[in-house]
**Q** 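What follows is a structure written as structure tokens; I'll ask about it next.
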Amino acid sequence: MSLSREAQGTHAPFDPRRYHESVTGERTEVAQRPPVCLYLEVTNRCNLLCTTCPRTYEELEPPADMSWELFVSIVDQVPDLARAVLHGVGEPMLVANLPRMVRYLKDRSVHVLFNTNGTVLGERNGRALIDAGLDELRVSLDASNRESFKAIRGRDYFGRILRNVRAFRELQEREGHAAPRVSIWLTGLRETVEQLPAFVQVAAEIGVKEVYLQRLVFFAESAIGKAQPDQALFERLTQEETACLNQAEDLARSLGVTFSASGAASEPGLSLKGSGNGSPWALCRRPWSLMYFTANGRALPCCIAPFSQHGYDNYTLGHAGQQSLPEIWNGPAYRDFRSALLSDKPPKSCANCGLRWSL
């Protein structure tokens with residue numbers, strides 16, 4: 001069985017109900033409450049060349065790690081912060097200050113997580129994250145074998161990642177560290193959906209008890225690499241692909257592994273299933289609950305935006321190095337963005353929202 005939040009000792013359980021209660025209320029052009037979640041892109045540097053990521057194909061912003069001063073200034077302006085996600089388009093574990101950032105947030109009782117590619121998850125880094133109090137460590141693996149991994153992620157690190165994650169889980173088990181909760185993730189591609197049962201098997205073999213099939217995010221125009229519309233799975237599963245999902249679910253159940261292919265949204269409790277009303281963006285609560293900042297301090301609508309429309313200038317909502325968070329949160333750009341999202345003509349970055357893109 002997967003570890004419950006209550007089993008994590010001094011780490012208070014993250015309650016999705018509390019999270020959603022804090023952002024309920026009427027959605028209007030002006031947000032009635034400050035954000036309760038921050039996405040902080042602690043770096044935009046990466047050591048892989050993933051064929052589903054825009055940073056592989058263009059420089060989105062100048063290479064940077066988020067400075068400690070910028071990090072603290074952002075966090076300190078959100079006194080009721082409940083959740084912090086420390087990733088963006090880069091690899092968080094390349095950042096020397098990462099454990100310090102986690103500890104700073106945990107000292108404020110914030111639930112902290114990030115996605116990693118696992119390439120530098122050595123014992124020293126792993127212990128530092130355990131000591132800092134990290135709540136969740138999500139490993140993006142995207143394949144069940146070396147060949148597919150290299151084709152999708154651009155470099156031959158599959159074996160290294162498996163060794164790193166297995167060693168980290170063994171360390172946790174050996175020393176009784178229930179946190180961080182470790183999961184592995186596979187982006188839903190038609191090319192790899194048949195690998196789902198094998199992916200679940202790999203997870204079990206390296207001691208990971210949670211597996212998630214993540215939606216594919218792609219540009220509607222000028223798609224890149226393998227992030228193509230015809231690779232998306234949502235609402236278009238063939239009989240054979242459905243069989244792979246069912247096999248993965250059955251295998252996971254037999255191995256005591258949690259497997260999710262429809263509820264693995266980036267926001268807790270938010271289903272990836274479409275609204276069914278032809279306006280998928282209408283479900284979104286992100287502009288009323290969270291703020292996303294790049295490593296350089298640029299405010300973006302959410303983590304999906306960089307994957308949905310080319311060019312940050314098209315959807316930049318402010319800059320933390322030049323404005324206070326309250327000035328950004330209910331400034332003209334954010335108000336216009338919310339107004340458009342509430343209309344039948346949403347911002348271009350939201351028109352094909354990831355809520356409907358894939359599983």
Side-chain angles (χ1 to χ4, degrees), residues 16-41 74 77-78 80-85 88 215-221 229 232 234-235 262-294 298-320 323-359:
R17 290 173 299 179
R18 172 179 167 239
Y19 179 84
H20 282 295
E21 285 169 1
S22 67
V23 298
T24 54
E26 185 178 2
R27 292 186 301 166
T28 58
E29 179 182 298
V30 175
Q32 303 303 311
R33 301 181 184 183
V36 293
C37 176
L38 287 175
Y39 275 66
L40 301 175
E41 183 184 79
I74 292 172
Q77 292 181 71
V78 189
D80 295 324
L81 184 62
R83 186 171 186 262
V85 182
R215 66 190 179 275
L216 171 68
V217 181
F218 57 85
F219 293 122
E221 301 173 1
F234 187 81
E235 290 182 346
S262 61
S266 59
E267 298 308 309
L270 183 62
S271 173
L272 291 174
K273 296 179 179 179
S275 63
N277 63 5
S279 303
W281 62 87
L283 291 174
C284 185
R285 304 194 70 86
R286 291 182 176 94
W288 290 268
S289 64
L290 67 84
M291 299 184 82
Y292 178 112
F293 291 97
T294 70
R298 187 190 299 257
L300 305 181
C302 69
C303 62
I304 293 174
F307 294 81
S308 63
Q309 184 183 4
H310 291 280
Y312 283 3
D313 288 341
N314 290 312
Y315 44 84
T316 293
L317 302 175
H319 199 291
Q323 303 162 274
S324 71
L325 264 62
E327 287 173 337
I328 299 171
W329 186 236
N330 275 316
Y334 242 113
R335 293 200 306 270
D336 289 347
F337 189 88
R338 293 190 188 102
S339 180
L341 193 66
L342 293 169
S343 74
D344 59 0
K345 295 181 179 180
K348 190 173 182 179
S349 59
C350 304
N352 293 303
C353 181
L355 291 171
R356 290 185 59 87
W357 261 324
S358 188
L359 281 171

**Q** Kindly give the heavy-atom pair with the smallest separation between Pro34 and Trp329, and that separation in Å.
**A** CA-NE1, 3.6 Å

**Q** Taking the side chain as C-beta and beyond, is there a heavy-atom pair between Pro306 and Tyr312 under 4.5 Å?
**A** yes

**Q** Where is the tightest heavy-atom contact between Val36 and Asp80, given as atom of each residue plus distance?
**A** CG1-O, 4.0 Å

**Q** With sequence neighbours left out, write down each residue that passes side chain to side chain donor-acceptor pair (under 3.5 Å) with Asn330, or none if nothing qualifies.
**A** Arg338

**Q** Is there a donor-acceptor pair closer than 3.5 Å between any side-chain N or O of Arg27 and the backbone N or O of Cys284?
**A** yes

**Q** As an exercise, state the distance from CD1 of Ile74 to OG of Ser324, rounded to the nearest 0.5 Å.
**A** 12.0 Å

**Q** Does a side-chain heavy-atom distance below 4.5 Å link Glu327 with Tyr334?
**A** no

**Q** State, with a plain yes or no, whether a side-chain heavy atom of Met291 is found less than 4.5 Å away from one of Ile328.
**A** yes

**Q** So how far is it from Leu81 CG to Leu290 CG, rounded to the nearest 0.5 Å?
**A** 10.5 Å

**Q** Can any side-chain N or O of Gln77 pair as donor or acceptor with the backbone N or O of Leu325 at less than 3.5 Å?
**A** yes

**Q** Taking Tyr315 for its side chain and Ser349 for its backbone only, find out whether a donor-acceptor pair lies under 3.5 Å.
**A** no

**Q** Name all residues meeting the side chain to side chain donor-acceptor pair (under 3.5 Å) criterion together with Arg298; count only those two or more places apart in sequence or in a different chain, and write none if there are none.
**A** Glu61, Asp313, Thr316

**Q** Side-chain contact, heavy-atom cut-off 4.5 Å: Pro287 with Leu341?
**A** yes

**Q** Looking only at atom types and distance, does a side-chain atom of Ser343 sit under 3.5 Å from a main-chain N or O of Ala340, one as donor and one as acceptor?
**A** yes

**Q** Do Ile304 and Arg286 come close enough that some side-chain heavy atom pair is under 4.5 Å?
**A** yes

**Q** Quick one: does Trp288's side chain have a donor or acceptor within less than 3.5 Å of a partner on Gln32's backbone?
**A** no

**Q** Among Leu317, Val30, Thr28, which one satisfies side chain to side chain contact (heavy atoms under 4.5 Å, CB included) with Arg335?
**A** Val30

**Q** If you measure from OH on Tyr292 to CG on Leu38, what distance do you get to the nearest 0.5 Å?
**A** 12.5 Å

**Q** Over all heavy atoms of both residues, which pair between Cys350 and Phe337 is shortest? Give the atoms and the distance, please.
**A** SG-CZ, 3.4 Å

